[in-house]
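The figures here come from the full heavy-atom set of this structure, side chains too, leaving out hydrogens, waters and symmetry mates.
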Amino acid sequence: MKTISRFMLSLGLTALTVFGLLLSAPCATFPAQTEVPPGTALPIRFVRSVDAKTARAGDRVTAKTLQVVILPGGQRLPKGTLLVGHVVNAQPYHFNREPYAHQKPSSISIHFDQIVNGDLSLPINVSVRALANRLLSEWAPRPYYEDETDGAGTRILIGGDEFSPLDKTVRDDGGDVIAYNRKDGVFARLLASDDPASQRRLNCSSTSSEQSVAIFSPTACGLYGFGSVSMPHAGRSGSGTFTLVSSGYSIKLYAGSTALLQETEPLPGNNS
């Protein structure tokens, strides 16, 4: 020990100087995330309504994440992270009074472009795995109670799976664990499913890695609570643009509606 001290003094170094050098030495860090890997789920809530009567192509669309999203590299996107997109096309409903006229439907097409959180900005190209209206979205995080003796209540995820807020796991009807209820939210491996309320097979695929699902079931797929509205395009082809269509009235996607988005491989040269 004395030998080391004499060596330090011969170099003009003090213990305080050495300590300062150690503090200034570079530490190992994880590389900054530059993209969102395909398959990553993003549970979001729309911040503002999008109305086919007033929306125009290029109008800004915003949403925020419902819970923490953990990217494969370990980076965490906090609850409330902003997603920014734009209206691709909006068609209000106009009744054609000509006899036997074919009535054209109303439609809204939306594309999300990036994630923004402070200095972080990540490009995204997402499809819609599931979309729920405002009312269902408001009720999903709230437990319902059977009676006055039911202290904890039961939460029903969008897609139908139920669990007690006190439980750390979510189980299906067969008793298998399909999701985990943690401090930062509900996480699950997404399960393959189709939209049960549509004639179109949306083919929501499964994931081998755990994803943030928030208020959605791992099998949630398609539209929930939208009545006669359809989603002929979910962006799953790689376009990243989803389209909602309604007949007989102008469609409106209300603020507070929620979606489970999923990053997808973009089409070559796609600039939607």
Can you tell me if Arg48 has over 12 outside heavy atoms packed within less than 6.0 Å of its CZ?
no
Just by distance, no angles: are the side chains of Asp59 and His86 close enough, under 3.5 Å, to form a donor-acceptor pair?
no
Result of checking Thr219, Leu190, Asp161 against Ile178 for side chain to side chain contact (heavy atoms under 4.5 Å, CB included):
Asp161
State, yes or no, whether a side-chain contact exists between Ile124 and Asp113 at a heavy-atom distance under 4.5 Å.
no
Residue pair Gln67 / Thr65, side-chain donor-acceptor N/O under 3.5 Å
no
Heavy-atom closest pair (Ser212 atom, Ala41 atom, distance to 0.1 Å) is O-CB, 3.7 Å
With a 4.5 Å heavy-atom cut-off, do Asn181 and Phe163 have their side chains touching?
yes
Does a donor on one side chain sit under 3.5 Å from an acceptor on the other, for Ser107 and Gln91?
no
Greater than 12 external heavy atoms within 6.0 Å of Tyr145's OH:
yes
Tyr100 side chain near Glu98 side chain, heavy-atom distance below 4.5 Å
no
Ignoring hydrogens and angles, state whether a donor on the side chain of Thr258 or Ser137 is under 3.5 Å from an acceptor on the partner side chain.
yes
Can you find a pair of side-chain heavy atoms, one from Phe112 and one from Leu261, that are under 4.5 Å apart?
yes
Does some side-chain heavy atom of Trp139 sit less than 4.5 Å from a side-chain heavy atom of Arg134?
no
